[in-house]
Amino acid sequence: MTEVLVELPEPPMPITPAPAMRVAYHDPCHLAHAQGIRVEPRRLLARVPGVMVVPMEDETCAAVAPVTTT
């Protein structure tokens, strides 16, 4: 879905800006590893006025989190 949405033109009318906020996006494991989709969701989020996309500190796949968590 994000592959399609990110290719759509920006809306002609400006969207009311949200307060400035930092947003981190965690890739769903299947989307990132099986389908290779990592950039499009971040590009889509970055189009939202007032949003700054920042990298997550720990991008461990959720499937292995119980194994790596102490």
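These values consider heavy atoms only, across backbone and side chains, with no hydrogens, waters or symmetry-generated copies.
- Remark: the backbone N or O of D27 is not paired with any side-chain donor or acceptor of R38 at under 3.5 angstrom.
- Hydrophobic cluster membership differs between V4 and I37, with clusters built from Ile, Leu, Val, Met, Phe, Trp and Tyr side chains linked at under 4.5 angstrom.
- Formation of a donor-acceptor pair under 3.5 Å by the R43 side chain with backbone atoms of E7 is not found in this model.
- In this structure, H30 NE2 and Q35 CD are separated by 4.5 Å, a value rounded to the nearest 0.5 Å.
- Residues V6 and V48 do not share a hydrophobic cluster, defined by chaining ILVMFWY side chains whose heavy atoms lie under 4.5 Å apart.
- To the nearest 0.5 angstrom, R47 atom CZ is 8.0 Å from L5 atom CG.
- No chain of hydrophobic side-chain contacts below 4.5 Å, direct or via other Ile, Leu, Val, Met, Phe, Trp or Tyr residues, connects M21 to V54.
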### Task
Could you go through the side chain to side chain contact (heavy atoms under 4.5 Å, CB included) check for V51 and V53 one step at a time?
CA-CA 6 Å; V51 169; V53 181; 4.2 Å; yes
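- Rounding to the nearest 0.5 angstrom, the gap separating the CE atom in M52 from the CZ atom in R22 is 4.5 Å.
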